[in-house]
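Values below: all heavy atoms of this structure, side chains included; hydrogens, waters and symmetry mates excluded. In the text below, chain A, chain B and the rest are named by the order of the sequence lines, each starting its count at 1. A quick note: this is a predicted structure, and the numbers were derived from the prediction, not measured.
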Amino acid sequence: MFKEILIRMIQGKRTFKYPKGPAPVLPGKFKGRPYIDSALCDVNCNSCSDACPVDAINSQTKTIDLGNCLFCNDCTDACHSKAIVFTKDYRLSVRDRNDLIIHPEQKEIELAKELNQQMKRIFGRSLTLRQVSAGGCGACEADVNVLGTIGWDLGRFGIKFAASPRHADGLLVTGPVTKNMELALKKTYDAIPEPKIVIVVGACAISGGLYKDHPQANKGVESIIPVDLFIPGCPPNPLTILDGLLRLLGRV
Amino acid sequence: MAAINHTFTPINNTSAIPLEKIPVLAVDDFMQSILKSVQKSHRISSYFGVATDKIDTTLLYVILSDDDENRLFVGRTEITGGSFPSLTALCPQIHLFEREIAEQFGLQPIGHPWLKPVRYTRNKTSPVEPAVGDFYRIDGDQIHEVAVGPVHAGIIEPGHFRFQCNGEKVLHLEIALGFQHRGIEEALIGGPDKKTIHYMETAAGDTTIGHTTTYCQIIEALSHTKKTARAQVLSGIALELERLANHIGDLGALSGDVGFLPTASFCGRIRGDFLNCTGLLCGNRFGRGFIKPSGLGSDIDSTTVDTLLKKIIVLTKETKDAISLLWSNQSVMARFEDTGLLTGQQAIELGVVGVAARASGLSRDARLNHPSGVFRFFQMHTCTVDSGDVFARAYIRWLEIEQSIDFIIKQLTSLPDGSVTPSSNDLDKNCLSVAINEGWRGEICHVAITGENGQFVRYKIVDPSFHNWYALAEAVKNQEISDFPLCNKSFNLSYCGHDL
Ligand code: SF4
């Protein structure tokens with residue numbers, strides 16, 4: 001008992017000051033929103049789009065679709081003129097799928113707007129989600145899970161995860177939606193009372209990611225049920241996920 | 001000690017041999033040799049089919065590990081027609097491999113006692129719904145059935161568990177997986193291409209380093225390239241960081257499952273900090289983009305080395321504090337001890353690997369039995385505990401945490417110089433290559449077979465979970481059903497690593 005108390009004191013208070021204070025420091029090599037410098041880009045060169053494992057780069061328009069992107073660096077490694085840089089901007093979540101397309105020279109994403117007034121009145125201070133992994137590899141799940149730890153302490157924003165869809169206000173889905181999970185996802189969605197919201201986390205859940213052309217998987221959640229918030233990454237950093245959730249609730 | 005195996009061909013870990021050096025045995029000889037080897041305490045690391053040009057002919061390959069003598073063997077046979085003899089009744093550890101061959105190649109394993117789909121792979125003519133169909137069932141007035149999943153109560157991957165219970169007591173558990181099946185092995189055929197390494201990174205997302213390291217060793221063997229000493233050491237560090245994050249997370253989760261919140265919350269945070277250490281190495285907390293064939297995605301400078309070292313030293317103390325609470329708390333120990341027993345004999349019969357095997361007293365650790373990369377030069381010792389219960393599986397993790405921290409600090413303080421830039425080369429044609437590593441859950445085994453032009457005609461992945469899921473079903477027998485979450489967590493197996 002005394003040992004527990006002592007160690008509790010040594011471990012200290014660990015909850016981040018964010019969002020009121022500064023965000024936790026991200027590692028130097030962290031990859032956030034990409035920036036495409038058209039002054040450096042040779043439009044006739046397709047090295048980046050050829051290197052991209054998920055065809056996230058449109059070779060004509062030189063846009064990057066963050067809904068597909070794995071943030072893998074294969075394009076930056078392939079680019080001879082260093083025209084693509086991944087900045088440290090961790091804010092990536094959007095409400096409209098098209099806002100994930102990054103154009104050359106684009107420096108800001110049209111970040112997620114908060115829920116409409118009525119929805120915000122219902123969910124703004126208490127949002128209970130049901131999580132469904134539908135072919136997720138475990139990484140997006142882990143980075144969502146980590147938000148429940150003392151550092152992030154998701155509970156302080158009134159966001160929690162429920163063990164039954166009947167107790168939930170919405171769904172948080174990861175994975176491309178494998179054919180074998182399609183029915184379970186639909187059933188879970190149907191079991192949530194109206195009004196409800198759907199949040200998708202990670203490249204797989206947004207577009208199918210690496211698995212989008214597989215006969216065993218779908219092209220992400222939107223092909224099955226309507227989506228309210230897209231959080232890109234492979235996996236997104238917990239900070240990116242939290243930023244998205246808080247934007248939806250109008251808290252940042 | 002096991003005698004030399006004459007019929008199967010010896011092969012070194014992380015090496016390649018031409019296919020012509022692997023004789024195609026007659027089916028009976030092949031099956032008998034497997035049985036004999038297993039009697040000599042060899043273990044089946046992999047067993048899989050390979051399609052041929054001829055429609056009614058399939059090749060079967062087996063990889064056997066002789067852990068005592070640090071050797072691997074490969075054997076093959078040719079199956080014509082629609083069936084092959086099942087060995088499951090005599091050699092239980094082969095049961096899931098045979099089911100997989102049946103599912104992937106439409107071959108009937110004659111005599112298999114419980115032939116069911118593994119991943120409920122759909123085909124156009126008969127869509128199979130996962131977990132629909134026969135379950136082992138016990139009848140009786142006092143028996144009830146509990147069905148759980150695919151969607152579970154937490155933030156976790158999907159799977160289906162079907163319990164037969166008498167009151168609180170679990171008489172039988174059948175686990176039906178396949179919900180996560182994404183078709184990875186199918187997509188790897190014809191590679192390697194620009195997608196291949198990303199499939200490895202996401203085969204089991206929490207084992208990114210384990211699977212990519214193993215894949216890269218295959219490519220290095222087939223292309224006669226290798227990582228520099230520096231790259232090998234750094235990839236070893238990444239592997240141990242992955243082990244640390246997961247083991248610490250698991251101990252926290254076990255603690256949470258028995259309602260002991262201090263360790264649960266401390267470990268949850270510390271786990272994140274170890275993931276951040278991997279983030280420092282390469283920018284991604286799971287090590288995406290770090291391990292590449294014959295090199296690394298990025299190097300670290302001396303300031304990062306210092307930062308890492310400082311961080312790890314602080315974390316070491318915090319980890320010790322947090323976890324030591326478990327062993328001195330009676331209510332925790334009362335729940336851990338004698339729960340979810342898996343005897344050494346069961347573990348041997350089921351071919352269990354990794355933490356679960358070592359917790360049942362088996363000395364199975366690829367870092368020692370089949371060392372590759374930096375582990376050839378730095379010997380790890382295998383930690384074992386005999387009791388086979390939740391406590392053993394928890395305590396093994398603790399012992400390994402201490403060892404991994406030690407390893408990382410030693411390696412970081414004596415990092416060799418050199419470049420880590422990847423190089424590439426054509427792959428050998430018509431060869432087989434095998435690579436085995438000790439991921440944090442246990443043995444990861446990859447086998448590649450190349451064709452006429454050096455492309456993969458088959459790439460077989462065996463995640464440790466594939467060996468171990470059945471052991472979980474055994475361990476919960478005669479337990480209270482309320483202890484299932486605890487038992488499950490003590491194995492903490494991968495759904496997607498199994499389903500691929
Ligand atoms: S970072 Fe994104 S856009 Fe660039 S190659 Fe990787 S997946 Fe494609």
Side-chain angles (χ1 to χ4, degrees), chain A residues 3-4 7-8 10-11 14 26-31 50-54 70-74 130-146 148-151 161 163-165 172 175-176 178-181 183-184 188 204 209-211 214-217 234-235 237-238, chain B residues 119-122 129-130 150-151 153-158 178-183 186-187 194-195 197-199 201-208 249 262 265-266 268-269 271-272 275-276 279-286 288-289 297-298 304 318 321-322 324-325 328-329 494-497 499:
Chain A
K3 198 172 163 203
E4 274 92 341
I7 289 176
R8 168 69 185 80
I10 297 171
Q11 297 261 345
R14 295 293 187 149
L26 294 163
K29 291 177 190 161
F30 172 80
K31 294 184 282 285
D50 290 346
C52 179
V54 288
L70 308 178
F71 296 78
C72 67
N73 258 1
D74 289 356
R130 172 79 165 149
Q131 203 273 329
V132 174
S133 167
C137 72
C140 286
E141 290 79 355
D143 270 350
V144 171
N145 237 330
V146 96
T149 62
I150 46 176
F161 288 89
S164 160
L172 187 149
T178 49
K179 294 280 187 232
N180 283 351
M181 271 305 283
L183 181 63
T188 309
C204 290
L210 201 52
Y211 301 97
H214 287 206
Q216 297 86 350
C234 186
N237 189 280
Chain B
R119 306 187 174 99
Y120 296 86
T121 308
R122 283 141 193 263
E129 290 295 342
V151 186
I155 303 174
I156 186 167
E157 298 173 58
F179 295 91
Q180 296 282 73
H181 182 48
R182 295 158 293 168
E186 201 181 302
K194 59 184 181 176
K195 289 173 109 175
I197 192 145
H198 302 291
Y199 285 124
E201 290 176 338
T202 52
D206 52 19
T207 317
T208 295
S265 55
F266 301 151
R269 195 263 311 167
R271 166 180 187 273
L275 289 177
N276 288 339
L280 267 176
L281 275 186
C282 66
N284 181 293
R285 288 155 43 91
F286 295 85
R288 305 276 159 94
S298 59
T304 314
E318 292 174 347
D321 278 356
S324 66
L325 289 180
S328 58
N329 188 296
S494 171
Y495 298 79
C496 57
D499 291 347

B/Leu281 versus chain A, the contacting section by heavy-atom distance below 4.5 Å: backbone
A/Ser133 versus B/Tyr495, side-chain donor and acceptor atoms under 3.5 Å: no
Closest non-hydrogen atom pair, B/Ser328 against A/Lys3: OG-NZ, 3.6 Å
Polar side-chain atom of B/Asp321 near backbone of A/Ile7 as donor-acceptor pair, under 3.5 Å: no
Toward chain A, the part of B/Asn329 with a non-hydrogen atom under 4.5 Å: side chain
Under 3.5 Å: donor-acceptor pair, side chain of B/Gln180, backbone of A/Cys137: no
Working for side-chain contact (heavy atoms from CB on, under 4.5 Å), residues B/Val151 and A/Met181: CA-CA 9 Å; B/Val151 186; A/Met181 271 305 283; 4.0 Å; yes
Heavy-atom pair with the smallest gap, counting every atom of B/Ile156 and A/Gln131: N-OE1, 3.7 Å
CG-CZ distance between A/Leu26 and B/Arg285, expressed to the nearest 0.5 angstrom: 9.5 Å
Best-contacting candidate, A/Pro27, A/Ala217, A/Ser164, against chain B by heavy atom pairs under 4.5 angstrom: A/Pro27
Qualifying residue, where the test is side chain to side chain contact (heavy atoms under 4.5 Å, CB included) with A/Cys72 and the options are B/His198, B/Arg288, B/Glu201: B/His198
Steps toward side-chain contact (heavy atoms from CB on, under 4.5 Å) verdict (B/Arg119, A/Gln216): CA-CA 11 Å; B/Arg119 306 187 174 99; A/Gln216 297 86 350; over 6 Å; no
Closest non-hydrogen atom pair between B/Lys194 and A/Cys52, with its separation: NZ-O, 2.9 Å
Whether A/Thr178 side chain and B/Phe179 backbone form a donor-acceptor pair below 3.5 Å: yes
Heavy-atom contact with chain B under 4.5 Å, split by part of A/Asn237: side chain
Which portion of A/Pro165 sits near chain B, non-hydrogen atoms under 4.5 angstrom: neither
Residues in salt bridge (charged side-chain N to carboxylate O under 4.0 Å, His left out) contact with B/Arg269, at least two apart in sequence or another chain: B/Asp273, B/Glu318
Largest heavy-atom contact set with chain B, pairs under 4.5 Å, which of A/Gly28, A/Ala142, A/Gly136: A/Gly136
Residue pair A/Asn145 / B/Ile155: nearest heavy atoms and the distance that separates them: ND2-O, 3.2 Å
Winner by heavy-atom pair count (cut-off under 4.5 Å) against chain B, out of A/Val146, A/Ile150, A/Leu210, A/Leu70: A/Leu210
Side-chain donor/acceptor of B/Asp206 to backbone N/O of A/Gly138, under 3.5 Å: no
Best-contacting candidate, A/Lys179, A/Glu141, A/His214, against chain B by heavy atom pairs under 4.5 angstrom: A/His214
Closest approach of A/Asp143 to B/Phe286 (non-hydrogen atoms, all atoms of both residues): OD2-CE1, 3.4 Å
Set of salt bridge (charged side-chain N to carboxylate O under 4.0 Å, His left out) partners for A/Arg130, sequence neighbours left out: none
Smallest separation among heavy atoms of B/Arg182 and A/Gly135, with atom names: CD-O, 3.3 Å
